[in-house]
Amino acid sequence: MAMALKELLSAVHTIAPLDLAADWDNCGMQIDLGREEVHKILVALEITSGVIDEAAACGADMILCHHPLLFNPIRTVDLQKVPGRYVIRLIQNGISVYSAHTSFDAAVGGNNDYIAEKAGMEQVENLVMHLPGRDVAAFGRMGVFPETLTLREVGDRLKKALNLNHIRLVGDPETPIKTAAVCTGAGGRQELETALYNRCDLFITGDVRHHGALDALELGICMIDAGHFGTEAIFVENFARKLREMVGDSVEIVESAVNTDPFNTEKY
C-alpha cells in the first residue's frame, strides 16, 4: 500500500485545516524527506525517543503527531540536545514528520469536541470571546450536561472517560454543574475569562497554575485540571480514526502505544 503525499496532505488538511491554527503555532510538515509516496503512518501525541523507536520498528515512513517537533527556532541540530537528537534519528531512519496541533484543536471533531463528547455533553458549540465591539469564535468548546452533576461527578466521569489516575478540582466538589467549557492542553487566563463570558459553571483544561486556580475561585467558576497529557492523549485514537475514514486502506495507519506522560500520578 502507498499513497501519494500530496493526496495524504489534502486529507489531513480537510481534517485539520491549517487556517485554523493559532498564529504562534507551527503546524504542518516538520521534516520533509522529499518522498512522493507514504507507505505507513504512525499517529502519535508527540515525538520522543520511544515514539521514534516504535516508528522505526513498525516500518513507518511518517509520524503524524499533535505536538510540533519544531516549535521554537533552533540554531544548531545537536545530537546531545533535544530536539536535535530527534531530528537526526528521524532522518537516519527515513521518517518524515507532520504536526496537526492547534489546527486540530480548533477543527470540527478535534480534541475539544472529542472530550466534550466523551464527557457526555450535548449542544456543543464554539466558545465565544468578547473583543471590543464584537464577539468572535475562540479556542475551545462549551456544552451542556443532560442532567445537573456535581463537580465531583464530572471529575469522576472524566477520569473514567480519559483513563486517568489523577485530576485536580478547583471549587467545592458538591457544586452543581450544568454548563462546561473545554480547552484541551493548557488553557490560560484568556480561556478562563472566555468560559466566564459564556456563563459556564465549569472550565475543563490542563496545566492549571496556582494563580489561575485562585482567580477561578475568586470569580466563582469551577475548574478541572485533567493534565496536559490527560486532555490530549485522545488525539491518537481520534485523529487515526478520522484519517482512516478519509483515506480508507490507501495507506497503513498505526496508532502509537507509547505512553508519553512525563508525570507519575499514582497515589502514594
Side-chain angles (χ1 to χ4, degrees), residues 16 21-22 24-27 30 41-55 63-72 82-83 85-86 97-107 109-119 121 139-141 154-170 180-188 191-192 195 202-210 212-213 216 223-243 254-268:
W24 46 262
D25 201 9
N26 186 27
C27 296
Q30 308 271 287
I41 301 167
L42 178 69
V43 180
L45 176 61
E46 56 207 343
I47 302 296
T48 65
S49 291
V51 168
I52 297 172
D53 289 341
E54 183 182 33
I63 297 175
L64 202 157
C65 57
H66 186 49
H67 293 150
L69 166 65
L70 301 174
F71 187 75
N72 297 312
V82 175
R85 70 176 61 177
Y86 296 159
V97 175
Y98 184 100
S99 168
H101 191 213
T102 52
S103 59
F104 189 62
D105 286 332
N111 280 350
N112 288 300
D113 279 332
Y114 195 40
I115 282 206
E117 174 188 329
K118 291 176 80 69
M121 296 184 204
F139 270 95
R141 297 289 193 267
V154 177
D156 289 342
R157 180 177 292 194
L158 277 175
K159 284 175 67 177
K160 182 177 180 180
L162 301 178
N163 193 30
L164 302 176
N165 295 318
H166 171 81
I167 60 171
R168 297 191 297 172
L169 305 180
V170 178
V182 178
C183 180
T184 60
E191 288 76 22
L192 175 62
L202 170 65
F203 179 41
I204 300 168
T205 188
D207 286 353
V208 176
R209 296 187 176 186
H210 175 80
M223 295 183 76
I224 292 179
D225 180 353
H228 201 118
F229 176 86
T231 58
E232 293 196 332
I234 54 169
F235 169 83
V236 175
E237 62 185 66
N238 192 17
F239 200 99
R241 183 183 72 250
K242 292 181 179 301
L243 190 57
V254 179
E255 297 178 30
S256 175
V258 174
N259 183 335
T260 55
D261 188 353
F263 299 103
N264 187 340
T265 53
E266 296 284 357
K267 294 182 178 179
Y268 291 96

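Only a predicted model underlies this, so the values are computations on that prediction, with no experimental measurement involved. The analysis underlying the following values was restricted to heavy atoms, covering all of them including side chains, and did not include hydrogens, waters or symmetry mates.
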Residues Lys118 and Ala161: closest non-hydrogen pair is CE-O, 3.1 Å
TODO: State, with a plain yes or no, whether a side-chain heavy atom of Pro83 is found less than 4.5 Å away from one of Ile47.
DONE: no
Only one of Tyr98, Phe235, Phe71 passes ring-ring contact (aromatic ring centres under 6.0 Å, His included) with His66, and that residue is Phe235
Distance col, row Leu69:CG vs Ile63:CD1, nearest 0.5 angstrom, shows 8.5 Å
Value for CZ (Arg141) from SG (Cys183), rounded to nearest 0.5 Å, stands at 10.5 Å
Stepwise side-chain contact (heavy atoms from CB on, under 4.5 Å) check, Cys27 with Thr102
CA-CA 7 Å; Cys27 296; Thr102 52; 4.0 Å; yes
Between the CD atom in Glu46 and the NE2 atom in His228, the distance rounded to the nearest 0.5 Å is 7.5 Å
Compare all side-chain heavy atoms of Leu158 with those of Ile224 and state whether any distance is below 4.5 angstrom.
yes
For the residue pair Arg241 and Tyr114, would you count it as a cation-pi contact if the rule is NZ or CZ under 6.0 angstrom from the ring centre and within 45 degrees of the ring axis? yes
inquiry  = Assess, by modelled atom type and distance only, whether the side chains of Glu54 and Ser256 contain a donor and an acceptor separated by less than 3.5 Å.
reply    = yes
- Between Ile115 and Leu162, is any pair of side-chain heavy atoms under 4.5 Å apart? yes
Discussion item. Donor-acceptor check, side chain of Glu237 to backbone of Ala233, threshold 3.5 angstrom: yes or no?
Written reply: no
*Sidechain-backbone polar pair: Arg168 side chain, Val208 backbone, donor-acceptor under 3.5 Å*: yes
ask   = Please walk me through it: do Asn238 and Phe104 pass side-chain contact (heavy atoms from CB on, under 4.5 Å)?
value = CA-CA 10 Å; Asn238 192 17; Phe104 189 62; 3.5 Å; yes
Pair Phe229 + Phe263: ring centers closer than 6.0 Å | no
TODO: For residues Leu243 and Ile41, determine if any side-chain heavy atom of one lies less than 4.5 Å from a side-chain heavy atom of the other.
DONE: yes
Taking every heavy atom of Ala216 against every heavy atom of Met223, the minimum-distance pair comes out as CB-SD, 3.4 Å
Closest heavy-atom pair, Asn112 versus Asp105, reported as atoms and distance to 0.1 Å, is ND2-O, 3.0 Å
Quiz prompt | Non-hydrogen side-chain atoms of Pro68 and Asp25 separated by less than 4.5 Å | solution = yes
So CD of Glu191 and CD1 of Ile204: to nearest 0.5 Å the spacing works out to 14.5 Å
To the nearest 0.5 Å, atom CZ of Arg85 lies from atom OG of Ser49 at 6.0 Å
For Ala213 and Val170, the nearest pair of non-hydrogen atoms, with its separation, is O-CG1, 3.6 Å
Shortest non-hydrogen pair, Val51 vs Leu42, comes out as O-CD2, 3.7 Å
Side-chain contact test, heavy atoms from C-beta onward, threshold under 4.5 Å: evaluate it for Val43 versus Val254 and give yes or no. no
Here the pair of heavy atoms bringing Ala100 nearest to Ser103 is CA-OG, 3.6 Å
When rounded to the nearest 0.5 Å, the distance separating OG1 of Thr205 from CZ of Phe139 is 12.5 Å
